[in-house]
Amino acid sequence: MKEYFPNVSKIQYEGETSTNPFAFKYFNPDEVINGKTMKEHLRFTLSYWHTLCGAGSDPFGSGTMERPWLDIKDPIEFAKAKMDACFEIMEKLNIDFFAFHDRDIAPEGKTLVETNAILDEVVAYCDKLMKETGKKLLWGTANMFSHPRFMHGASTTCEADIFAFAAAQVKKAMEVTKLLGGENYVFWGGREGYETLLNTNMKLEEENFARFLKMAVDYKKKIGFTGELLIEPKPKEPTKHQYDTDAATVLGFLRKYGLEKEFKLNIEANHATLAGHTFEHDVHLARINGALGSIDANMGDPNLGWDTDQFPTNIYDATYCMYEIIQNGGLGKGGLNFDSKPRRASFEPEDIFLSYISGMDTFAKGFKVALKLIEDGVLENFKADRYATFNEGIGKDIVEGKVDFETLEKYALEHDQIKVKSGRQEMLESIVNQYIFSK
Ligand code: XUL
Ligand code: CO
């Protein structure tokens with residue numbers, strides 16, 4: 001097989017004193033922690049779209065990325081070359097999983113029949129490489145946002161024929177994901193939202209969205225796909241009002257339509273922050289509702305209000321996210337998928353590797369910090385103490401549902417001289433810093 005990145009050899013763990021940019025400083029893939037290797041804990045995943053398809057274009061300029069397969073003219077050979085490059089990158093970075101949209105791996109043909117045939121050919125090639133290398137598919141999904149036919153939405157479109165087309169596309173993408181042993185299937189509704197109520201029947205769009213998801217659940221069962229179905233919330237971009245705004249909105253929607261047992265959430269860091277939350281807020285909310293499925297690990301830029309999809313280097317985000325994952329007992333079938341891309345000016349092929357190294361090291365360090373915080377019980381003990389009044393007396397009665405407003409009024413009239421304690425936020429932030437700074 002052709003080597004696309006001859007200048008980069010397999011990335012080794014060299015420890016935190018290393019000054020080699022092409023080495024891991026914190027991610028030691030085979031280090032065993034609590035009975036599992038770091039690799040198994042973190043389940044790092046390559047994102048096909050940004051890594052293999054990202055051209056580096058933006059609204060003001062064309063693509064910048066130098067990629068060694070760009071001169072291949074034949075569309076199928078081009079697709080297979082990207083697939084080869086994908087497996088080379090995973091091998092060199094010690095990444096076990098990848099994730100893709102149908103259109104990332106194979107181009108569309110002139111008709112849906114032709115498109116499906118092209119997809120089948122590339123999928124067969126992918127299957128062969130997976131069998132040869134042992135690499136795994138974390139999730140598959142359908143791109144129902146790039147093609148102009150989806151300008152009004154996919155399952156939330158105003159055109160019934162587009163709804164049918166979208167259903168056919170998801171059906172095929174689910175079959176392909178199953179064939180490749182995918183562990184999850186993701187729904188991110190890129191065009192599932194609206195721009196203006198002047199032309200939108202929001203009620204019908206929301207109901208159709210639920211109908212569509214129900215059909216997906218039925219088809220999953222019909223074909224015996226045992227992976228998890230995941231919804232990825234995002235508040236805006238591309239549409240002004242995305243229906244899947246954040247974790248809380250999606251959980252409420254799923255409950256309204258009786259779908260809460262069928263779906264978990266794929267939480268993306270910068271989608272949560274665009275919704276005005278912290279990353280850990282959405283991960284936590286998913287976790288305490290038993291709905292934490294997987295993570296799209298990236299970060300935004302606090303000075304920019306759009307989806308910058310940057311490789312994560314923020315140690316606080318990584319620590320707090322890993323804190324939730326550990327409390328969740330791990331990610332199950334999920335993983336840490338880097339929904340991130342090198343910056344437009346980081347255009348050389350080597351930048352792909354340098355970007356992944358920084359993201360993987362950040363999460364590996366965050367994992368260790370979070371584990372130590374949990375083992376030492378610093379935050380959980382503080383929280384337990386903070387809510388201790390609910391463990392006995394009137395607090396216990398409240399939690400056990402034994403009191404009403406009248407009993408509480410009687411109690412309050414006798415106990416109205418109340419002393420409350422400090423929340424100690426600054427102390428806790430300082431303790432977290434201490435754990436991050438210490439080795
Ligand atoms: C877009 C985004 C997607 C999903 C998959 O913001 O995050 O790439 O992860 O469709
Ligand atoms: Co994403």
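Quick note: numbers below take in every heavy atom, side chains included, and nothing from hydrogens, waters or symmetry partners. It should be emphasised that the depicted structure is a prediction, and the values quoted were computed from it without experimental measurement. Counting starts at 1 for both ligands and their atoms, in listed order.
- The contact set between ligand 1 and E232, taken as ligand atoms under 4.0 Å from a residue heavy atom, comprises 2 (C), 3 (C), 4 (C), 5 (C), 7 (O), 9 (O).
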Problem set entry | Working for ring pair (Phe, Tyr, Trp, His ring centres under 6.0 Å), residues F212 and F163 | CA-CA 8 Å; F212 193 91; F163 186 101; 5.3 Å; yes
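- The Co ion (ligand 2) has an N, O or S atom of E268 inside 2.8 Å of it.
- In H101, the part holding a heavy atom less than 4.0 Å from any atom of ligand 1 is the side chain.
- Under the side chain to side chain donor-acceptor pair (under 3.5 Å) rule, N270 has a single partner from D301, D309, D307, which is D307.
- In this structure, K80 is positioned above the aromatic face of Y125, its NZ or CZ under 6.0 Å from the six-membered ring centre and within 45° of the axis.
- Side-chain contact check for R149 versus F165: some heavy-atom pair is nearer than 4.5 Å.
- Under the side chain to side chain donor-acceptor pair (under 3.5 Å) rule, N266 has a single partner from D339, T141, N337, D296, which is D296.
- Between N266 and ligand 1, a contact under 3.5 Å exists for no N or O pair.
- Less than 4.0 angstrom separates some heavy atom of D307 from each of these atoms of ligand 1: 6 (O).
- Atom OD2 is the N, O or S atom of D339 at the shortest distance from the Co ion (ligand 2).
- Among the candidates D102, D120, T115, the single residue satisfying the side chain to side chain donor-acceptor pair (under 3.5 Å) test with K172 is D120.
- Remark: F27 CZ to M38 CE distance equals 7.0 Å, nearest 0.5 Å.
- Close contacts of ligand 1 with K234, meaning ligand atoms under 4.0 Å from a residue heavy atom, involve 6 (O).
- The atom of E232 nearest to the Co ion (ligand 2) is OE2, with the search restricted to N, O or S atoms.
- The shortest separation from a heavy atom of H271 to ligand 1 is under 4.0 Å, placing the residue in contact.
- The nearest heavy-atom contact from the protein to atom 2 (C) of ligand 1 is D339 OD2, 3.3 Å.
- Residue V186 places every heavy atom at 4.0 Å or more from ligand 1.
- Between atom CD of residue E121 and atom CD1 of residue I105 there is a gap of 11.5 Å, rounded to the nearest 0.5 Å.
- Near E268, with a cut-off below 4.0 Å to any heavy atom, the atoms of ligand 1 are 2 (C), 7 (O), 9 (O).
- Residue D309 has no nitrogen or oxygen atom sitting less than 3.5 Å from a nitrogen or oxygen atom of ligand 1, judged on distance alone.
- The closest side-chain heavy-atom distance from S9 to F22 is not below 4.5 Å.
- The only option from H284, E260, R255, K264 that meets the side-chain contact (heavy atoms from CB on, under 4.5 Å) definition with N289 turns out to be R255.
- Here the N, O or S atom of D296 that is nearest to the Co ion (ligand 2) is OD2.
- Of the polar atoms of W139, none of the N or O atoms is found under 3.5 Å from an N or O of ligand 1, judged by distance alone.
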